[in-house]
Structure formats: structure tokens, C-alpha cells
Q: 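Before I ask anything, here is the structure I am working with.
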There are 2 protein chains.
Amino acid sequence: MESLSPVSKSPRYRQVADELSAAILGGRYPVNSLLPTEKELCRHYAISRHTAREALRLLEIAGLISRRQGAGSLVIADTPPDRYNQFAQSVEDLLQYGNATRFHIERAESIAADTLAASLLGIAPGTACVRLYGIRRPRHDRRPLAVTEVYLPEPEPAARSALLDLGQSIYRLLDILDLAKLGSVEQNFTAVCADPERATALGMAPGAAALRTVRRYFDRQGELLAAAVSLHPGESFSYSTVLRRA
Amino acid sequence: MESLSPVSKSPRYRQVADELSAAILGGRYPVNSLLPTEKELCRHYAISRHTAREALRLLEIAGLISRRQGAGSLVIADTPPDRYNQFAQSVEDLLQYGNATRFHIERAESIAADTLAASLLGIAPGTACVRLYGIRRPRHDRRPLAVTEVYLPEPEPAARSALLDLGQSIYRLLDILDLAKLGSVEQNFTAVCADPERATALGMAPGAAALRTVRRYFDRQGELLAAAVSLHPGESFSYSTVLRRA
DNA sequence: CCTAATTTGTACGTATGTATT
DNA sequence: AAATACATACGTACAAATTAG
């Protein structure tokens with residue numbers, strides 16, 4: 001049974017880190033100023049150097065300070081590393097891309113989630129889910145822009161049969177990923193060497209560089225709607241975004 | 001003066017971490033098995049418990065093990081996950097990445113802008129500008145994370161000589177890209193095959209896939225402060241972002 | 001259920017190396 | 001060149017969580 005004691009005492013180094021953190025956030029140590037030295041912290045808090053260093057390590061991990069041998073501990077931020085509600089680019093911009101291209105679904109199947117699908121959808125491996133496989137092309141160009149696999153969780157039987165029907169699946173997919181329902185999209189980019197199968201599907205040399213994008217689509221409640229893994233030929237695709245200050 | 005010694009000896013705890021890491025990757029300690037206890041590591045490597053714990057801390061940071069009081073050090077992965085997963089939603093987040101890594105400048109030179117520099121900086125080709133070349137590494141890992149070229153426009157003579165002095169250039173750069181001055185960052189991602197020179201600098205196979213990021217840094221007035229081109233090894237780097245509805 | 005042994009977590013002390021000022 | 005400050009590394013002891021019996 002978990003202890004229900006209302007006060008769980010922090011280790012000393014965390015208490016010190018919290019005090020220092022509060023002091024930084026409160027402006028006591030401005031950005032670009034130096035924190036007290038380890039020795040001073042030892043004296044002030046009556047702690048050993050080991051404890052002082054553990055506390056400073058926490059501040060460093062939190063991104064508040066930067067420590068340099070011989071120089072000291074420099075304050076580099078005075079805001080807690082919380083996520084801000086200001087974001088780079090809107091979901092609308094992303095969907096604009098979908099609008100300028102066409103997605104041709106080649107396979108639609110019901111599968112037991114493998115490791116990839118499970119981690120993407122946040123479900124246990126082996127759980128039933130739906131996988132679509134298709135190719136995305138510019139609207140007036142037949143050269144492929146990407147090969148994409150879409151993973152969809154827990155399909156209700158009715159929706160599922162429509163998804164698995166190649167004639168209807170694209171409309172069901174557009175319905176699921178309807179702009180009105182979308183709350184946020186999580187994106188991840190990596191460079192990989194294309195596997196032979198997908199390379200030929202994209203008309204690129206085997207082993208050539210490709211951009212792998214993993215996207216997870218959430219509704220406004222944060223519920224996962226779908227996940228998609230795409231492979232884009234390196235020489236003909238790039239992704240741009242703008243980050244603004246919060 | 002910069003040290004020219006070709007071999008920089010690792011601290012002991014890093015050597016131990018490297019050996020353990022290799023053993024995990026090599027299958028000597030499978031996933032879900034326990035690493036030797038701290039005491040056993042002390043005996044085996046003839047090190048103090050402090051050193052053993054620092055080594056284990058590195059493995060924990062690397063995501064290879066999970067340590068639980070009373071239970072031991074459990075191997076939770078036998079492949080290093082992305083060594084760095086950059087997760088950016090705001091300019092602050094992007095700079096956070098700079099905080100977790102170290103940028104070592106190897107060359108600093110004044111050049112006449114070539115086509116690339118000119119288009120990045122929005123200046124006429126041939127115009128004078130400054131180029132820095134360096135390697136970025138995680139703070140607790142010596143394997144390179146990226147090779148980067150930074151381009152800086154119209155340097156005033158005083159600032160310029162500081163930029164070209166390898167001992168000072170990093171501080172000038174951090175000053176120019178100071179968080180307080182940044183307004184927005186424009187980012188672009190492409191997958192490429194690494195050219196031989198940069199591939200060796202990154203310790204990757206020639207021709208392997210790499211993620212090329214081009215970033216342009218603007219102040220709040222929209223004035224271009226700097227541009228940077230980085231090449232990240234494909235298998236160990238990924239970039240993440242979240243888009244929210246406008 | 002409780003006890004004991006094991007294992008990591010916290011914390012102290014000390015000394016020396018190395019980068020910076 | 002010297003002083004300063006962080007990095008590495010040795011030692012010890014006790015606390016807290018886990019596990020075995």
C-alpha cells in the first residue's frame with residue numbers, strides 16, 4: 001500500500017534546489033548572473049559539497065543554469081521550463097498540404113498491433129487496429145511524394161468495415177481527421193535510408209536518404225485519432241516551420 | 001590556447017559506462033535483466049561507489065537502464081534510442097536544446113558570401129560575412145550530434161574580430177543569439193546523404209542518411225541575426241514539434 | 001505478517017585535477 | 001603566475017525501498 005502521509009519530506013538537495021529555483025524565478029539571481037559558488041552554498045545552507053552539487057545538477061537539468069569549470073554557475077533562464085500555449089504553426093497550415101496533394105490508398109487491413117503500431121497508438125501489442133497503406137502525390141504530378149502508413153485505433157465494427165473497403169476508406173479517413181475535430185498534431189522527423197520496397201515505390205535509388213515523418217493526430221480533448229508514418233524522398237521534400245516567442 | 005592533444009582521456013566513470021553500454025548493446029545484459037550491483041561494479045572495476053554511481057547515472061540518462069532503490073539496475077533497452085529528441089514548440093524550447101548540448105567551434109573565418117550564404121542571409125553574393133564551423137555534442141556524451149555552419153551578416157569591425165577569435169567567438173555568438181533578443185526562428189528540414197567530410201566528422205558511414213536543418217534567427221523586429229546549417233546523423237537524431245489549432 | 005538481507009538513495013568528509021579568471 | 005571554481009574520485013555512514021524467507 002502506498003503511504004498516505006500528507007507531507008513527503010524532500011531530500012535536502014531538492015529543498016536547496018527549490019529555494020535556488022524560486023530565487024532565480026523571483027529575480028534574485030537575474031539571467032546572466034552567477035549563482036553562489038558551491039563553497040558558498042555549502043556554508044549558507046550548512047550542507048556538504050556533495051549535496052550542493054546534487055542541487056545544482058537539478059537546476060542544470062531544469063535548464064535554469066549552465067555550469068562551467070572554473071567559471072561558476074551561470075543563470076541562463078528565469079522562466080520555468082513549462083510548455084507555453086503559443087505554437088509555431090497551425091493545424092490549418094498542415095492540412096493545407098493535404099489539400100494540395102492526393103492520397104491514394106492501396107491497402108487497408110485489420111491487424112494485431114505490432115511494436116510500432118502499439119507505441120504509436122498507445123495500446124498493448126497484439127490489440128486489434130487498422131492499418132492503411134498508400135501513396136501521396138501532388139495533385140497534378142504522378143511522381144510520388146511519400147509512402148504513408150496510417151494506423152487507427154479501436155475501430156467500431158461499422159466504421160471498421162467502411163475503413164477496410166478501399167472504395168470508402170479515404171472518405172472515412174478524411175472524416176476521422178476532419179479539420180473541425182482536430183485539436184493538435186504531434187510531429188516527428190528523422191532522416192533514414194529508404195528500405196528497398198519503399199524506395200522503389202517512391203522511384204528513388206535504394207539506400208538513398210529519405211525523411212521519415214511520424215504524425216499523431218489528437219482531437220480537442222487530447223484523444224488520439226490516428227497515427228501516420230510517412231517516408232519522403234530526400235531530394236524532393238523538405239519541411240519548414242516557424243517558431244515564435246511565447 | 002586550445003589544447004591540441006589528440007587523445008583526451010575519458011574520466012573513469014565514462015570509461016566504465018562505455019564498457020557497460022557496450023555490454024548491453026552486445027547482448028551480455030539482455031533487456032529485463034539486472035546489471036551488476038554497485039558493490040559488484042566497485043569490486044570488478046576497482047572503483048569507488050561514487051564512480052560506479054556516476055557511470056550508472058550516464059546509462060540512466062542514455063535510457064538504457066532504470067534504477068530502483070532496493071531492486072537494482074534494470075536493463076530497459078539494448079539499442080540506444082534517439083540520442084537526442086529535440087522537442088520544440090517555442091523559441092524557448094529551441095534554446096533549451098542549446099543548453100543541453102555544447103557547441104565547439106573549430107573554424108571561424110571571414111568570407112565573401114557564396115550562393116548558399118547569400119540566399120540564407122538575404123545579401124548579394126560576394127558580400128562579406130562571417131562563417132563559423134563547429135560540432136555540437138550532448139553535454140554528457142562525446143559522440144557528435146551535429147556539424148554546424150553558422151553564417152553571420154554585416155559584422156561591425158569590433159564585433160567581427162571577436163567572432164573570428166576562436167577563444168571568444170562562442171560567447172559573441174551566444175550574445176547575438178541571446179534569448180532576450182530572439183523573436184522567431186525559421187526552420188527547414190531535409191533528408192540528405194552525408195558527404196564524406198561531414199560523415200567522418202560525425203562518425204557515421206559515408207552515404208548514410210542525415211537530417212539537414214537550416215535555421216534562420218530573427219529578432220523581434222524581424223531583422224535577421226544569423227543563419228545556421230546543421231547536419232545530424234539520421235539514426236540518432238529526430239526533431240519533434242506539436243502543432244495546435246490556430 | 002513480519003524479519004532480515006540486499007540494494008539503491010542521501011549525505012557527510014577529503015583530496016586532487018583542470019579550466020577559467 | 002596565482003587564485004578561484006567546478007570536475008573527478010577516494011572514503012564512510014545511515015536511510016529507505018525492495019525482496020527473500
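Here is how names work: the chains are called A, B, and so on, in the same order as the sequence lines, proteins then strands, and each is numbered from 1.
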Q: In whole angstrom, what separates A/Glu54's CD from D/dC6's C1'?
A: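 These atoms are roughly 14 Å apart.
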Q: Between the base of C/dA11 and the side chain of A/Arg53, is one N or O donor paired with an acceptor at under 3.5 angstrom?
A: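 Side chain to base: no pair present.
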Q: Within this structure, what is the CG-to-P distance between A/Leu74 and D/dC6, rounded to whole angstrom?
A: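 So the two atoms are 12 Å apart, to the nearest Å.
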Q: How long is the line joining OH of A/Tyr45 and P of C/dA11, in whole Å?
A: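 To the nearest whole Å, that distance equals 14 Å.
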Q: C/dT10 C1' sits how many Å from A/Leu58 CG, rounded?
A: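 Rounded to whole Å, this separation is 12 Å.
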Q: Nearest-Å distance, CZ (B/Arg49) to C1' (D/dA13)?
A: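 The answer, rounded to whole Å, is 10 Å.
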Q: Can you tell me how far apart CG (A/Leu121) and CG (A/Leu152) are? Round to the nearest 0.5 Å.
A: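 Here the rounded value is 7.5 Å.
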Q: Nearest whole Å is fine: how far is C/dG9 P from A/His50 NE2?
A: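 The distance from NE2 of A/His50 to P of C/dG9 comes to 11 Å, rounded to the nearest Å.
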Q: Can you establish whether the number of heavy atoms outside A/Arg212 located under 6.0 Å from its atom CZ is more than 12?
A: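 No.
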Q: Can a donor-acceptor pair under 3.5 Å be found between the side-chain atoms of A/Arg12 and the base atoms of C/dG9?
A: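 By the distance-only test, no, there is no pair.
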Q: side-chain hydrogen bond (donor to acceptor under 3.5 Å, both in side chains) between B/Tyr151 and B/Glu149: does it pass, once the steps are laid out?
A: CA-CA 7 Å; B/Tyr151 295 89; B/Glu149 284 152 79; 3.1 Å; yes
Q: Restricting to side-chain hydrogen bond (donor to acceptor under 3.5 Å, both in side chains), what partner residues turn up for B/Arg107, sequence neighbours left out?
A: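 Residues passing side-chain hydrogen bond (donor to acceptor under 3.5 Å, both in side chains) with B/Arg107: none at all.
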Q: I'd like to know if the side chain of B/Glu54 and the backbone of B/Thr51 have a donor-acceptor N/O pair within less than 3.5 Å.
A: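 No.
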Q: Provide a list of protein-nucleic acid N or O atom pairs under 3.5 angstrom, restricted to nucleotides 5-7 of chain C.
A:
unit_1, atom_1, unit_2, atom_2, d
C/dT7, O2, B/Gly70, N, 3.1

Q: Taking OH from B/Tyr13 and C1' from D/dC10, how many angstroms apart are they, rounded to a whole number?
A: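 Rounded to the whole Å, the gap is 16 Å.
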Q: For A/Ile47, which contact category applies under a 4.0 Å heavy-atom criterion: base, sugar-phosphate, or nothing?
A: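 Here A/Ile47 touches the backbone only, sparing every base.
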Q: Please determine whether a side-chain nitrogen or oxygen atom of A/Arg67 lies at a distance below 4.0 Å from atom OP1 or OP2 of D/dA5.
A: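 For D/dA5, OP1/OP2 do not have a side-chain N/O of A/Arg67 under 4.0 Å.
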Q: Atom CG of A/Leu34 to atom P of C/dA19: distance rounded to whole Å?
A: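 Whole-Å distance recorded here is 19 Å.
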Q: Partners of A/Ser21 by side-chain hydrogen bond (donor to acceptor under 3.5 Å, both in side chains), sequence neighbours excluded?
A: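 Applying side-chain hydrogen bond (donor to acceptor under 3.5 Å, both in side chains) to A/Ser21 gives none.
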Q: Around atom CD of B/Glu197, are there more than 12 heavy atoms from other residues, nucleotides or ligands closer than 6.0 Å?
A: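 No, because the 6.0 Å sphere around CD of B/Glu197 holds 12 heavy atoms or fewer from other groups.
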Q: Report the base-pairing partner of D/dA1 (Watson-Crick or G-U wobble, both distances below 3.5 angstrom), or none.
A: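 For D/dA1, the partner nucleotide comes out as none, under the 3.5 Å rule.
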